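Computed from heavy atoms alone, side chains included, the values below leave out hydrogens, waters and symmetry copies. Everything numeric here is computed off the predicted structure, so don't read it as measured data.
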Amino acid sequence: MTCERYWRDGIVLVERGLDDPHRDGCADCTLAHASRQELIDALPLIGADYPGDPDWQAKVWRRIDEQRRPAPVRWRWQLAGALAAACAIALWVGIGRERPGEARPAMAIIPGEVAMRSGSVTVGARLRVEVDETSEVWIYRGGHLVFRCRAREVAEGCTPDSDGMVAQFVLLVPGKYLAIAVKTPPSTLPHGELDDDRAALISAGIEPDEYPVAVH
């Protein structure tokens with residue numbers, strides 16, 4: 001039986017920049033991750049402008065064939081799943097469209113000019129957090145507040161939309177970051193220190209959504 005954990009849970013850990021100990025010891029999940037990464041590497045070619053060349057699609061698939069290693073027959077099914085996942089990521093991240101009724105808050109990492117290696121987030125990537133119209137986004141680095149978007153605020157990195165707000169923060173310094181989505185926070189918060197703000201939220205009966213990111 002083929003292990004399907006990667007497409008259920010492992011891909012979420014990858015997008016959040018977290019380690020996946022299961023994948024390191026599972027041949028099926030390791031192969032699925034490698035297949036997905038090959039497709040992501042080839043995505044820049046898909047939809048590119050090839051004037052006068054009707055065979056551009058074949059060239060894309062030839063490039064994928066040249067890079068992949070021999071694998072069992074089930075690899076074809078994993079490739080189909082990886083393609084579907086990669087296309088979904090491209091549509092959501094690259095185009096910025098949102099499906100009706102999609103739950104918020106939601107977090108995603110958008111690669112910068114330097115491509116991210118599998119399982120890691122590199123300097124220059126953007127941290128994107130979507131929240132509803134009553135929520136704020138606070139981002140900490142090393143336990144210190146470095147970015148804040150108030151509810152419905154129009155500012156650099158803070159863009160209201162029909163469902164609330166989209167906060168985007170460029171990760172320019174290596175280190176450990178934590179994004180917090182807080183629904184209707186007290187007006188006296190945040191103070192600026194993660195431990196103090198978290199304790200104050202808990203005291204007020206507010207449980208924030210937290211998204212840790214490690215930048216290399």
Just wondering, do Ile180 and Leu194 contact through their side chains at under 4.5 Å, heavy atoms? yes
Drop me the distance from Thr159's OG1 to Arg152's CZ, to the nearest 0.5 angstrom. 11.0 Å
Asp19 (side chain) donor-acceptor with Pro21 (main chain) under 3.5 angstrom: no
Can you tell me how far the CG atom of Asp161 sits from the CD atom of Glu130, to the nearest 0.5 Å? 7.0 Å
Report yes or no: do Val166 and Trp138 belong to one cluster of Ile/Leu/Val/Met/Phe/Trp/Tyr joined by side chain heavy-atom distances under 4.5 Å? no
Nearest 0.5 Å, what's the CZ-CD distance between Arg128 and Gln168? 5.0 Å
Establish whether Leu178 and Val123 are linked, either directly or via other cluster members, by ILVMFWY side-chain heavy-atom contacts under 4.5 Å. no
With a 3.5 Å distance limit and no angle check, can you tell me whether Thr30 reaches the backbone of Cys26 through a side-chain donor-acceptor pair? yes
Co-membership, hydrophobic cluster, residues Val215 and Val137, 4.5 Å side-chain: yes
Check: Pro174 and His216 side chains under 4.5 Å, non-hydrogen atoms: no
Measure across Asp28 and Cys3 and return the closest heavy-atom pair with its distance rounded to 0.1 Å. OD2-N, 3.0 Å
Side chains of Phe169 and Val146, heavy atoms from C-beta outward: is any pair under 4.5 Å? yes
Evaluate the side chain to side chain contact (heavy atoms under 4.5 Å, CB included) criterion for residues Leu127 and Met107: first the C-alpha distance (whole Å), next the side-chain angles of each, then the deciding distance (0.1 Å), finally the verdict. CA-CA 7 Å; Leu127 173 58; Met107 189 275 282; 3.3 Å; yes
Nearest heavy-atom contact between Leu145 and Pro190 is CD2-CG, 3.6 Å
SG-SG distance Cys149 to Cys158 under 2.5 Å: yes
Specify the closest pair of heavy atoms between Thr134 and Ala151, including all atoms of both residues, with the distance to one decimal. C-CB, 4.1 Å
Any chain of hydrophobic side-chain contacts (each under 4.5 Å) joining Tyr177 to Val131? yes
Nearest 0.5 Å please: distance from the CD atom of Glu153 over to the CZ atom of Arg148. 7.5 Å
Working to the nearest 0.5 Å, report the span between CZ of Arg150 and CE of Met165. 10.5 Å
Show the numbers, then the answer: is there a salt bridge (charged side-chain N to carboxylate O under 4.0 Å, His left out) between Arg5 and Asp20? CA-CA 11 Å; Arg5 182 184 177 279; Asp20 186 359; 3.1 Å; yes
Hydrophobic cluster membership, with links at side-chain heavy-atom distances under 4.5 Å among I/L/V/M/F/W/Y: are Ile206 and Ile202 in one? no
Please determine whether side chain to side chain contact (heavy atoms under 4.5 Å, CB included) holds for the pair Lys176 and Arg141, giving the CA-CA distance in whole Å, both sets of side-chain angles, and the decisive distance to 0.1 Å. CA-CA 6 Å; Lys176 293 184 178 180; Arg141 182 179 68 241; over 6 Å; no
Atom CG of Asp196 and atom CG of Leu189: how far apart are they, to the nearest 0.5 Å? 9.5 Å
Parallel, tilted or perpendicular for Tyr6 and His33, by the 30°/60° rule? perpendicular
Nearest heavy atoms of Val213 and Val121, plus distance in Å: CG1-CG2, 4.1 Å
Would you sort out whether Tyr140 and Asp197 count as a side chain to side chain contact (heavy atoms under 4.5 Å, CB included), showing the intermediate values? CA-CA 11 Å; Tyr140 298 81; Asp197 293 340; 2.5 Å; yes
